[in-house]
Protein chains: 2
Amino acid sequence: MATGRSGGRVRLQDVATLAGVSMKTVSNVVHDYEHVSERMRERVQAAIDELGYRPNLTARRLATGRTGMLALAIPEMDQPYFAEIARCVGEEAGRRGYRIIVEQTLNDVEAERAVIRDREEGLVDGVIFHPARIDTLEIARLRPDTPLVLLGEAARPLTTDHVMIDNVRAAREATELLLATGRRRIAFLASVRTEIAESTHLRLLGYQEAMVGADIPLDPTLVIESEGFGIDDGVRALTAALDRGLAPEAVLCRDDLFGLAAMRALSSAGLRVPEDVSVLGWDDTSLARYATPALSSVSPDKRAIATSALDLLEDRMNGYDGIGRHLLAPYTIADRGTVARLVR
Amino acid sequence: MATGRSGGRVRLQDVATLAGVSMKTVSNVVHDYEHVSERMRERVQAAIDELGYRPNLTARRLATGRTGMLALAIPEMDQPYFAEIARCVGEEAGRRGYRIIVEQTLNDVEAERAVIRDREEGLVDGVIFHPARIDTLEIARLRPDTPLVLLGEAARPLTTDHVMIDNVRAAREATELLLATGRRRIAFLASVRTEIAESTHLRLLGYQEAMVGADIPLDPTLVIESEGFGIDDGVRALTAALDRGLAPEAVLCRDDLFGLAAMRALSSAGLRVPEDVSVLGWDDTSLARYATPALSSVSPDKRAIATSALDLLEDRMNGYDGIGRHLLAPYTIADRGTVARLVR
DNA sequence: CTGAAAGCGCTAACAA
DNA sequence: TTGTTAGCGCTTTCAG
C-alpha cells in the first residue's frame, strides 16, 4: 500500500533513493525505455508502487517544452453545435495523446483577442479557435505565435489554417433538395438584423443560387428578417411573415434553433410539418434529432472537422510554417421527418 | 526539433538584460509589486513591450506549485445537462481566476478511475468530478491527493465533498405539482433496466412518497421500464405501455430526453400534451426549453451547483482537510407548457 | 528598493 | 545498461 509522505509529494529522486539507483534509471522505467534489465525494472517499479509516485506533469513540461495540451476556444460550451464539436475534438485529441482546455469566449471580443494574443502562452502546444466576433483582418494582424487553426465562417485569413464546410454549396444543395420535393415558394429563416458573422450570408447566397438555378425569381419577402438569434426571435419573425400573408411551402433555416422556431410558428398557425410546409435546419445538433417530428438538417461532419483541424494543427506543431491551408469538411443533409414531397 | 518553446521565446532574463536590471526587478514589475520606483517600472515596462515578453506559465507553475487550473470531469460534453454545467463551472471559475480543463470520461470506468487517481497529477489545483460509473466505495478507496469535489448522485463517500440536489424531495414536489393539477394516474418514465446510477432510484422514491402521501395506492404498472437511455428507448417503452392499456394522466420523466420521448409517444398515440396528459421533464436543459410545447422540467440551479462546488474546492485548496461536506443545491420546477390542470 | 542565487521536478546530453 | 549533471523559465528567500 502506498504510504507516501502525506503532505509532501513524492519526487523522482525519492524513488531513486529508495530503489538505490539514479534518477535516470527511474525515468527509464517510467518511460518504458527498452534497454532496462528486468531485475532493475522490477526493483524500481516496486519503489514506485511503494511510494505511490506520480510524475509531476508541470515539471515534465518545463523540461520538454511540450505541454501535451491543446486549447479549444469556442463561444459557448452549452450551445449544442459547439458542445458537439467540443466532444469530437476532445475525443480525437485524446486519441492522439493530447488533452484539451476548453475556453469560452462568451462572444466577447476581448476574450477572443486574448485567445490568440496571450491567453495560452506556454500553456498549450496549439489552439483550435472558432471565432464569432473577431474578423479576418484582426486575426491576421495579431499573428499569434502558438500554432493556430480556425473553425467556422467568421474569419479566414490567408495566413492561417482553417476548416469549415462549403456553406454556399450546402445551402444550394439543401434548397435543391427542397425544390426536388416540389416546393417552389421557399423561405429563408432568417437574416438576422444584428448579425456580424458571415455564416448566414453564405447560406443565403447558396439559397439564392439554387432559386435562380431553378428559374424561380427571387422574392425578397421570402427572406425573413429576425431581430436576434433566440428561438423567440425566430418564432416572431416567421409568425409575422405568415400573418403578412406569406405562404411558404418550405423553410430553410440558418440553424437548428430557427428550425425549431419554424416548427413552432407553423404549428401555431395551424400548418402541418411536413405536409403543408417542409422545414430544414442546419448543424444537425441534438436539437434536431430530438425534436418531434425529428428535424431534417444540414449536417456538417463534426468528426471530420475535428480530425482535419487536429491534422493541420499537428502539422504546424511539427514545424510546418507555410501559408494557411483552407480545408472544406464534408457534410450531408440528414433527412428526417420535416421534409416531404408536396402533395396537393 | 523546433518543438522547444511553443510561444514566448523571450524570457524574463532577456527583458532584464535589455532593461539593464535583474530578473527580480522585472518580476516585480510583472506582478505589480508596490515598492518599485516609477522610473524603474517604466524602464522595465518599455523593455517588456519592446520584446513582447509573456511569462511562461508552465515555468511559473513549477516555481509556485500552483497551476491556476481546475479539471472538470464529466461523462460527455455534448449531453445538454453536462454542457450547461460545464458552462457554469467555466464561467464561475474564470471569475475566480481559474481556467478549466474539461475531461470527458465517456462513461468509461477506467477513465473515471484515472480522473481521481493520476490523470491530473501536478496539472491542476483541484478537480470537480461528476462520476457515472464509479461508486462511493471505490472513490473512498482511491483517496486522491488532489482536492476533489463530487457532483451528482452516483457516488458520495463521507470523506469527500459533494454537491447535488435533493432528488427525493424534488421528485416528491414534482409529483405533488402534478397531483395538484388533478392528475392521479401518474406514470414514471422510466426505470432503466441496465441502470447502474442512483439518480433514477432516488427520483422514483420521491415519486412514490408523493403518491403514498396522497393516499394513492402504488400501481407498479405505472412505473415504466425502459431498455436504455436513448430517446427511442423511452418512446418504445411508453408506447408499449400505452398499447398495453395504460392510460396515464401525467408522466414524470427521469430526464428531459425522456420528457421528449413521452411527448413523442403520446402524440403518436393521438394524445394531447398537456390537455390529455401532462409531462414533466428533469434537468431543465435546452432540450426542454426548445421543445414545442416547451417542456416543464425540474430545474436544478446549475449556477448554484457550480458556485458551491467551487467554494468547497477552494476551501480544500486552501488547506481544509476535514470530513466531506455534502451540500444540497437549490432547484425549482420550471413550469412551461406541458403541465396543466386536468379538465373533463 | 534591487540583485544574486537557490530551487521547483523532470528530461536528456554526455559519461562511464 | 546506468549514472551525472546541466538546464527548462520563473519565483523567492536573503543580502545589499
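Below, read A as the first sequence line, B as the second, and so on, with proteins coming before strands; counting in each chain starts at 1.
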A:Met23, nearest nucleotide to its side chain (from C:dC10, D:dG9, C:dT2) | C:dC10

May I ask you to verify if any side-chain N or O of B:His35 is less than 4.0 angstrom from the OP1 or OP2 atom of C:dT2?
-> no

Expressed in angstrom and rounded to an integer, what is the separation of A:Glu38 atom CD from D:dT1 atom P?
-> 12 Å

Starting at CD of B:Gln13 and ending at C1' of C:dA5, how long is that distance when rounded to a whole Å?
-> 12 Å

Hey, could you give me the CE/CG distance between B:Met77 and B:Leu106, rounded to the nearest 0.5 Å?
-> 8.5 Å

How close do B:Ile165 and B:Ala329 get, heavy atom to heavy atom, and via which atoms?
-> CG2-O, 3.5 Å

Please tell me which of the listed nucleotides, C:dT11, C:dG3, D:dT2, lies nearest to the side chain of B:Val21?
-> C:dG3

Quick one: label B:Ser27 by what it contacts on the DNA or RNA (base, sugar-phosphate, nothing), any heavy atom closer than 4.0 Å.
-> base

Across the strands shown, which category fits A:Met40 at heavy-atom distances under 4.0 angstrom: base, sugar-phosphate, nothing?
-> sugar-phosphate

So does B:Ser22 get a side-chain nitrogen or oxygen closer than 4.0 Å to the phosphate oxygens (OP1/OP2) of C:dG3?
-> yes

Distance, rounded to the nearest Å, where B:Leu123 contributes CG and C:dG9 contributes P = 15 Å

Quick one: sort the A:His326 and A:His162 rings into parallel, tilted or perpendicular, breaks at 30° and 60°.
-> tilted

In this structure, are over 12 heavy atoms from other groups packed under 6.0 Å from B:Arg95 atom CZ?
-> yes

Heavy-atom closest pair, residues B:Asp125 and B:Leu70 = CB-CD1, 4.2 Å

For B:Ala63 and B:Asn28, take the nucleotide of DNA chain C holding the closest heavy atom to each; which residue's nucleotide lies nearer the 5' end?
-> B:Asn28

Nearest to the side chain of A:Arg11 - D:dG9, C:dG3, C:dG9?
-> C:dG9

In terms of the nearest nucleotide of DNA chain D, which residue is placed more toward the 5' end: B:Lys24 or B:Leu62?
-> B:Leu62

Return no unless some side-chain N or O of B:Thr64 is found under 4.0 Å from OP1 or OP2 of C:dC8.
-> no

Picking from D:dC10, C:dT2, D:dT12, which would you name as closest to the side chain of B:Leu12?
-> D:dC10

Separation of C:dC10 P from A:Asp14 CG (nearest whole Å) | 9 Å

N/O (side chain, B:Tyr33) to phosphate O (OP1/OP2, D:dT11) under 4.0 Å = no

Whole-Å distance separating the CZ atom of B:Arg61 from the C1' atom of C:dG9 = 15 Å

Would you please confirm or rule out a distance under 4.0 Å between OP1 or OP2 of C:dG3 and any side-chain N or O of B:Thr25?
-> yes

Take the protein atom CZ of A:Arg66 and the nucleotide atom C1' of C:dC10, then report the distance between them rounded to whole Å.
-> 15 Å

